[in-house]
Novice: 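Structure provided below as structure tokens; questions to follow.
Order of the sequence lines fixes the chain letters, A, B, ..., with proteins taken first and strands second; residue numbering starts at 1 for each chain.
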Amino acid sequence: MHKYRTHNCSELRLSHKSTTVKLSGWVHRVRDHGNLLFIDLRDHYGITQCVIEKANKNFKILEKIKPDSVISITGKVLKRTPETINKDLLTGEIEVEFKELEILSEAQELPMPVFGEQDYPEDIRLKYRFLDLRRQTMHENIILRSKVISFIRKKMNELGFNEFQTPILTASSPEGARDFLVPSRLNPGKFYALPQAPQQFKQMIMVAGFDKYFQIAPCFRDEDGRADRSPGEHYQLDMEMSFVEKEDIFSVTEPLFYELFSKFGGEKKVSDYPFKKISFNDSMLQYGTDKPDLRNPLKISDVTDIFNSVEIKLNIFKKQINKGAIVRAIPAPNTIKKPRSFYDSLNEWAKTEGANGLAYLSIIKTKDKLTGSGPIAKYFSDNGINIITKICNLKDGDAVFFSCEKKQIAEKISGLARQKIAKDLDLIQENQFQFCWIIDYPLYQFNEEEKKIDFSHNPFSMPKVSYEEFDKTDPLKILAEQYDLVCNGIELSSGAIRNHLPKMFYKVFSKVGYLKKDVDKKFGGMIKALSYGAPPHGGMAPGIDRIVMLLANVENIREITLFPLNQNAQDLLMNAPSKATDQQLKELNIKIVKKNKN
RNA sequence: GGGGGUGUAGCUCAGUUGGUUAGAGCGAUCGCCUGUCACGCGAUAGGUCGAGGGUUCGAGUCCCUUCACUCCCGCCA
């Protein structure tokens, strides 16, 4: 007989009746009846009920055993009587009668019980992560993550992608997030950076002629955490292809995502491919964000012109419009029976989000005619009501909210309001995964604070204008061959057709103030690589963590990460970060400067 | 860097306008119990009310400072 087990804890069935088996696992739960006790034995696979009577020599030991001690039992498989069958267990038709017992590892009293699905404070869960991970939900989430990754790997291999590793110790990159730095012992005073993404490496892999690359790549960014964003590290399905246009990337990844989400997304319906494509500008107008949640049926409209016309005499808005504000309208269908407080609280909410507020108008049908009602209705002409109704696609009993702000704020508020209204009115189709591509991103944006032009997204993207046209075009009007994949309001991926032409590379960077020598200094490797015959190429990098979060239906990234850092980027189990010894610092030529308080 | 929330027994939480010795459930320990599967019943132990300071005759409760965790803004090409 095997030293530890003949079967796992989810394996035994009626067919094993009367056989002698050996099981090993954790003491999940003990039910002590005095002269008879039941022990639920748990392992990765499941639970098997074991039973022991007082006559057995091990009874006294098991009576005192601490939960989550690891034991091994040898015993006989018994058929349960009909009334004692447990339908919730795969092994519920049998139980194992104790013969021999071996205690493999005793547990102390647990700081947090494994049994049950109670909520515990995060710091305790992280400090005792190995216990937290024993719990069913966490265990399942982590297994889901593992399955998702192996599914992706298998698919990518089938599609002809080659999996490569790229360096972890690399060079700091000038654009983007804050780098993690690693001091170099052999090069005193110099530092490596951990890669924020293998962006330049994957492009060089294309230059090297490998045609299709992917990697489940760790990415390191020293930025503050959020619920859906781990401080420190996260993983991306990093991929790149040669001789492609963006449609080629789409047609490779769409079936992948469709299958992935169909397979692991439970009952939820996945949007058919090809996925909807929405231009950045349309998305900002209709959804108020570049990551729209398409499960939400509401669409925003621009109504600046009509508010500026004779049809509406609302002077506060007109004044704002003259100062450069715009008006966006967010419909709220079927709200005629809502109390006044519904409208007022939305107005109050908008103010807490930094807006002036939200005006509203209700539409009522009286005598075959649509009329407006509500505080600002009196400013609308009949024709004004008709136009608004048409633009916003309103019907009898609907309301519409108006945000009059500078463009940036109006977009933001209307987007948030669209989502809030849909949530309040229960309009979000929860049982779906709605994918879309956001395309035609502007290459640059104007940085208001520094009063200069910045990259809006990825500086390595190919502009959608030719080299010859580049200087003749308003830089803020130049679009990039860039695309984001969005699902249910979450940005899963950025991607782009890359800029593979050195002269275009210099040109693109010149608009944000980089001289040729700056580019040579900071992207020397890249420029060099593009100078000896580079294939046109492009790719993307979907975030693994966010994919798994969507599939596991959790709001927090730590629910699907084995050993996450807390919000202060600390590992409470391993005690990282920690102080370095003087010896270590000396070898690295590093001196710690104490910060002066005040 | 900024804003919000939380902090009371090992865990989850209650604790009234400031007023007697701070409570419950789970867990732990001990005892009883042969068919449970969140087993049941009884008893016992367990608290610097996050920390420090202040107001008050009196503070878990009010004020100030501070710490921890968390959520959000900034940041995340």
Side-chain angles (χ1 to χ4, degrees), chain A residues 28-42 47-56 59 63-64 66-68 78 80-89 91-92 95 97 107-128 131-132 173-179 196-197 199-200 219-234 352-354 412 416 441 443-445 447 449 454-461 480 482 484 491 494-496 508-509 512 522-523 541 543 555-556 558 565-568 570 572 597:
Chain A
H28 188 58
R29 192 88 183 147
V30 181
R31 291 176 293 280
D32 185 351
H33 289 241
N35 293 311
L36 168 81
L37 67 90
F38 299 99
I39 288 186
D40 288 340
L41 196 67
R42 182 195 77 235
I47 285 175
T48 301
Q49 174 167 283
C50 304
V51 62
I52 186 165
E53 295 194 6
K54 196 161 196 175
N56 189 300
F59 188 89
E63 231 180 2
K64 303 281 180 213
K66 291 272 202 299
D68 271 70
L78 302 180
R80 295 204 203 181
T81 58
E83 70 277 11
T84 61
I85 287 173
N86 184 345
K87 290 199 177 91
D88 297 332
L89 288 184
T91 59
E95 62 194 358
E97 184 188 36
Q108 298 175 20
E109 190 187 331
L110 301 173
M112 49 174 284
V114 171
F115 172 78
E117 285 287 319
Q118 219 183 342
D119 284 333
Y120 297 104
E122 287 244 42
D123 42 345
I124 290 186
R125 292 179 57 191
L126 293 177
K127 191 169 170 190
Y128 299 98
L131 292 180
D132 194 32
S173 65
E175 298 286 330
R178 203 176 290 114
D179 284 315
Q196 296 181 22
Q199 178 68 35
Q200 296 189 57
C219 303
F220 305 92
R221 296 173 192 177
D222 188 4
E223 298 294 350
D224 288 1
R226 286 286 184 280
D228 63 347
R229 203 171 79 200
S230 235
E233 61 194 73
H234 69 282
T352 65
E353 294 290 335
K412 181 191 144 196
L416 291 173
Y441 275 83
L443 182 60
Y444 302 110
Q445 66 189 10
N447 183 331
E449 278 165 31
D454 263 350
F455 286 112
S456 79
H457 236 54
N458 187 325
F460 300 103
S461 306
Q482 168 136 6
D484 274 17
E491 180 191 318
S494 263
V508 164
F509 274 85
V512 298
K522 286 174 173 159
F523 301 101
E555 302 279 321
N556 194 298
R558 291 182 293 273
L565 301 177
N566 70 7
Q567 199 174 40
N568 296 325
Q570 299 157 336
L572 300 178
K597 277 198 175 174

Novice: In chain order, what residues pass the ring pair (Phe, Tyr, Trp, His ring centres under 6.0 Å) check against A/H28, with sequence neighbours excluded?
Specialist: A/F115

Novice: Nearest to the side chain of A/Q49, which nucleotide is it out of B/A38, B/A28, B/G35?
Specialist: B/G35

Novice: Counting the atoms with a prime plus P, OP1 and OP2 as sugar-phosphate, which does A/D454 contact under 4.0 Å by heavy atoms, base, sugar-phosphate, or nothing?
Specialist: nothing

Novice: Just N and O in the side chain of A/N86: are any of them under 4.0 Å from OP1 or OP2 of B/C37?
Specialist: no

Novice: Kindly indicate whether the side chain of A/I39, heavy atoms from C-beta on, has any atom under 4.5 Å from the side chain of A/I52.
Specialist: no

Novice: Taking a pair as Watson-Crick (N1 to N3 plus N6-O4 or O6-N4) or G-U wobble (N1-O2 and O6-N3), both under 3.5 Å, which stems of 3 or more consecutive pairs involve RNA chain B?
Specialist: B:1-7 with B:67-73, B:10-13 with B:23-26, B:28-32 with B:40-44, B:50-54 with B:62-66

Novice: I want to verify a distance call: between B/C72, B/A28, B/A38, whose nearest atom is closest to the A/R29 side chain?
Specialist: B/A38

Novice: Can you tell me which nucleotide in B/U34, B/G74, B/U36 comes closest to the side chain of A/R31?
Specialist: B/U36

Novice: For the residue pair A/L572 and A/D123, establish whether any side-chain heavy-atom pair is separated by less than 4.5 Å.
Specialist: yes

Novice: Do A/S173 and A/D179 have side-chain heavy atoms sitting under 4.5 Å apart?
Specialist: yes

Novice: Taking atom P in both B/G19 and B/U66, what distance in whole Å separates the two?
Specialist: 28 Å

Novice: Would you say the side chain of A/D32 and the base of B/C33 hold a donor-acceptor pair, judged only by whether the two atoms sit under 3.5 Å apart?
Specialist: yes

Novice: When you match A/Q199 and A/R558 each to their closest nucleotide on RNA chain B, which lands nearer the 5' end?
Specialist: A/R558

Novice: If you measure from the C1' atom in B/C33 to the same atom in B/G42, how many Å do you get, rounded?
Specialist: 11 Å

Novice: Anything under 3.5 Å between a protein N or O and an N or O of nucleotides 3-5 of chain B, put it in a table, one pair a line.
Specialist:
none

Novice: Looking only at side-chain N and O atoms, does A/Q108 come under 4.0 Å of OP1 or OP2 in B/A28?
Specialist: no

Novice: Think A/Q567 has a side-chain N or O under 4.0 angstrom from the OP1 or OP2 of B/C71?
Specialist: yes

Novice: Between B/A22 and B/C49, how many Å separate the two P atoms, rounded to a whole number?
Specialist: 11 Å

Novice: Show the distances under 3.5 angstrom between N or O atoms of the protein and N or O atoms of nucleotides 10-15 of chain B.
Specialist:
unit_1	atom_1	unit_2	atom_2	d
B/G10	O2'	A/P111	O	3.3
B/U12	OP1	A/P121	N	3.4
B/U12	O4'	A/Q118	NE2	2.7

Novice: So which protein N/O to nucleotides 22-24 of chain B N/O distances come out below 3.5 Å?
Specialist:
none

Novice: What's the closest nucleotide to the side chain of A/D123 if the choices are B/U36, B/C69, B/C71?
Specialist: B/C69

Novice: List the atom of A/G34, the atom of A/K54, and the distance in Å for their closest heavy-atom pair.
Specialist: O-CD, 4.3 Å

Novice: Using the test salt bridge (Lys or Arg N to Asp or Glu O under 4.0 Å), find all partners of A/D32 that sit at least two apart in sequence or belong to another chain.
Specialist: none

Novice: Can you figure out which of B/C76, B/U36, B/C39 approaches the side chain of A/T84 most closely?
Specialist: B/U36

Novice: Measuring only the C1' atom in each nucleotide, how far is B/A68 from B/G25? A whole number of Å is fine.
Specialist: 26 Å

Novice: Considering only atom C1', compute the distance from B/G23 to B/A14 and round it to an integer number of Å.
Specialist: 7 Å

Novice: Once salt bridge (Lys or Arg N to Asp or Glu O under 4.0 Å) is applied, do any residues pair with A/E53, and if so which ones, sequence neighbours excluded?
Specialist: none

Novice: Check the interface with nucleotides 45-52 of chain B: list each N/O to N/O pair with the protein under 3.5 Å, or write none.
Specialist:
none

Novice: Establish, with yes or no, whether the OP1 or OP2 oxygen of B/C73 is under 4.0 angstrom from a side-chain nitrogen or oxygen of A/R226.
Specialist: yes

Novice: Do A/N566 and A/E122 have side chains that approach each other closer than 4.5 Å (heavy atoms only, starting at C-beta)?
Specialist: no

Novice: Considering only atom P, compute the distance from B/U36 to B/C41 and round it to an integer number of Å.
Specialist: 14 Å

Novice: Taking the side chain of A/H33 as its heavy atoms from C-beta onward, which of B/U70, B/C39, B/G74 lies nearest to it?
Specialist: B/C39

Novice: Are the side chains of A/K66 and A/Q108 in touch, meaning some heavy atoms are under 4.5 Å apart?
Specialist: no

Novice: Rounded to the nearest Å, what distance is computed from the CG atom of residue A/D228 to the P atom of nucleotide B/C75?
Specialist: 16 Å

Novice: Holding to salt bridge (Lys or Arg N to Asp or Glu O under 4.0 Å), I want the full list of residues that pass it with A/D68, two or more places apart in sequence or in another chain.
Specialist: A/R42, A/R134

Novice: Hey, are the side chains of A/Y444 and A/S456 touching, using non-hydrogen atoms and a 4.5 Å cut-off?
Specialist: no

Novice: Establish, with yes or no, whether the OP1 or OP2 oxygen of B/C33 is under 4.0 angstrom from a side-chain nitrogen or oxygen of A/N35.
Specialist: no

Novice: Any base atoms under 4.0 Å from A/N556, or only sugar-phosphate, or nothing? Heavy atoms, all strands.
Specialist: sugar-phosphate

Novice: Would you say B/U70 has OP1 or OP2 under 4.0 Å from some side-chain N or O of A/R125?
Specialist: no

Novice: Is it the case that the base of B/U36 and the side chain of A/R80 share a donor-acceptor contact (distance under 3.5 Å, atom types as modelled)?
Specialist: yes

Novice: Which residues satisfy the side-chain hydrogen bond (donor to acceptor under 3.5 Å, both in side chains) test with A/Q482, sequence neighbours excluded?
Specialist: A/S461

Novice: Please evaluate residues A/R80 and A/Q49 with respect to the criterion side chain to side chain contact (heavy atoms under 4.5 Å, CB included), reporting the C-alpha separation (whole Å), side-chain torsions for both, the decisive distance (0.1 Å), and the verdict.
Specialist: CA-CA 10 Å; A/R80 295 204 203 181; A/Q49 174 167 283; 3.4 Å; yes

Novice: Sequence neighbours excluded, which residues qualify as side-chain contact (heavy atoms from CB on, under 4.5 Å) partners of A/E233?
Specialist: A/F220, A/Y235

Novice: Of the options B/U34, B/C39, B/G1, whose atoms approach the side-chain atoms of A/E53 most closely?
Specialist: B/U34

Novice: Any side-chain N or O of A/K64 less than 4.0 Å from the OP1 or OP2 oxygen of B/A28?
Specialist: no

Novice: Report yes if some heavy atom in the side chain of A/S230 is under 4.5 Å from a heavy atom in the side chain of A/L565; otherwise report no.
Specialist: no

Novice: Touch check for A/D88, heavy atoms < 4.0 angstrom, all strands: base, sugar-phosphate only, or nothing?
Specialist: nothing

Novice: Suppose you measure atom P in B/C37 against the same atom in B/G31; what distance do you get, rounded to whole Å?
Specialist: 23 Å

Novice: Taking the same atom, C1', in B/A38 and in B/G1, what whole-Å distance lies between them?
Specialist: 47 Å

Novice: Considering every strand and a 4.0 Å limit on heavy-atom distances, what is the contact class for A/E95: base, sugar-phosphate, or nothing?
Specialist: base

Novice: What is the nucleic acid contact for A/K66, judged by heavy atoms within less than 4.0 Å: base, sugar-phosphate only, or nothing?
Specialist: sugar-phosphate

Novice: Who are the ring pair (Phe, Tyr, Trp, His ring centres under 6.0 Å) partners of A/F523, not counting sequence neighbours?
Specialist: A/F460, A/F505, A/F509

Novice: Using every non-hydrogen atom in the two residues, find where A/F455 and A/V512 come nearest and quote the distance to one decimal.
Specialist: CE1-CG2, 3.6 Å

Novice: Would you give the length of the straight line joining atom CD1 of A/I85 to atom CD of A/E95, rounded to the nearest 0.5 angstrom?
Specialist: 10.5 Å

Novice: Can you tell me the distance, in whole Å, between the CD atom of A/E555 and the P atom of B/U70?
Specialist: 17 Å

Novice: Regarding A/D40 and A/R29, does a basic nitrogen lie under 4.0 Å from an acidic carboxylate oxygen?
Specialist: no

Novice: Taking the side chain as C-beta and beyond, is there a heavy-atom pair between A/L36 and A/V51 under 4.5 Å?
Specialist: yes

Novice: Hey, does the side chain of A/N568 come within less than 4.0 Å of B/A68's phosphate (OP1/OP2), counting only N and O?
Specialist: no

